[in-house]
Amino acid sequence: MKSPKVYVEVIARFDPEGGLFPLEIIWEDGRRYSVDRITAVRKASSLKAGGAGIRYDCIVNSHPTHIFFEEDRWFVERK
């Protein structure tokens, strides 16, 4: 069984105030998904996958998704 936590590559940007924002997720098989919109950013834990960090509530391909920045890497919860 695969882990519920998937570490992924993320293309992100920093704004002039130092905010970090994901723009694109690159899945473990190389598929790319654009982040359509970020709806919220807050410190939170992943109840499904374990771990904690900054949670980005996003819309990706018209679906709500959580992307987590945990210390120095990104992860998502496997569906």
Side-chain angles (χ1 to χ4, degrees):
M1 185 169 151
K2 293 186 178 183
S3 169
K5 182 187 284 189
V6 181
Y7 288 101
V8 292
E9 185 175 347
V10 170
I11 306 298
R13 73 172 177 83
F14 281 98
D15 69 14
E17 290 77 39
L20 175 63
F21 301 98
L23 302 174
E24 188 174 45
I25 301 166
I26 303 171
W27 194 249
E28 56 195 347
D29 64 3
R31 287 180 290 168
R32 300 171 85 98
Y33 299 95
S34 291
V35 175
D36 301 324
R37 187 172 40 145
I38 298 170
T39 58
V41 179
R42 64 179 159 277
K43 289 184 181 183
S45 298
S46 169
L47 300 178
K48 291 181 183 178
I54 306 299
R55 184 176 91 180
Y56 294 81
D57 298 341
C58 302
I59 305 298
V60 176
N61 286 346
S62 302
H63 293 83
T65 303
H66 303 302
I67 307 170
F68 293 86
F69 187 68
E70 178 186 54
E71 294 182 29
D72 60 351
R73 54 190 185 161
W74 296 90
F75 76 87
V76 295
E77 300 166 326
R78 190 180 303 278
K79 300 285 183 202

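All residue numbers refer to positions in the sequence shown, counting from 1. Treat the numbers as computed from the prediction; the structure is a model and nothing was measured. Hydrogens, waters and symmetry mates play no part in the numbers below; they use all other heavy atoms, side chains included.
Arg31 contributes atom CZ, which lies 11.5 Å from atom CD1 of Ile25 (distance to the nearest 0.5 angstrom). We find the OG1-CD1 distance between Thr65 and Ile59 to be 7.0 Å, quoted to the nearest 0.5 Å. Taking NZ of Lys43 as the start and CZ of Phe69 as the end, the distance is 12.5 Å to the nearest 0.5 Å. Interatomic distance, Lys48 NZ to His66 NE2, rounded to the nearest 0.5 Å: 7.0 Å.
Side-chain heavy atoms closer than 4.5 Å link hydrophobic residues (I, L, V, M, F, W, Y) into clusters, and following such links, even through other members, never connects Phe68 to Ile26.
Residues Pro64 and Asp57 have side chains not in contact (no heavy-atom distance under 4.5 Å, counting atoms from C-beta outward). Looking only at side-chain heavy atoms (C-beta outward), Ile67 and Val35 come within less than 4.5 Å of each other. Contact check for Glu70 versus Tyr7: side-chain heavy atoms found under the 4.5 Å cut-off.
Taking each heavy atom of Val60 and Ser34 in turn, the nearest pair found is CG1-O, 3.5 Å. Here the closest non-hydrogen pair linking Ala49 and Phe75 is CB-CE1, 4.3 Å. For the residue pair Cys58 and Thr39, the shortest heavy atom distance occurs at N-OG1, 4.2 Å.
In this structure, the side chain of Ser46 does not engage the main chain of Gly51 through any donor-acceptor pair within 3.5 Å.
Ring geometry for Trp74 against Tyr56 counts as tilted: the plane angle lies between 30° and 60°, on a 0 to 90° scale.
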Side-chain donor/acceptor pairs under 3.5 Å, residues 8-15, sequence neighbours excluded:
residue: Asp15; atom: OD1; partner: Glu17; partner atom: N; Å: 3.0
residue: Asp15; atom: OD1; partner: Gly18; partner atom: N; Å: 2.9
residue: Asp15; atom: OD1; partner: Gly19; partner atom: N; Å: 2.7

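Shown here are the side chain to side chain donor-acceptor pair (under 3.5 Å) partners of Glu24, two or more places apart in sequence or in another chain: Arg32.
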Could you go through the side-chain contact (heavy atoms from CB on, under 4.5 Å) check for Glu77 and Leu47 one step at a time? CA-CA 9 Å; Glu77 300 166 326; Leu47 300 178; 5.7 Å; no

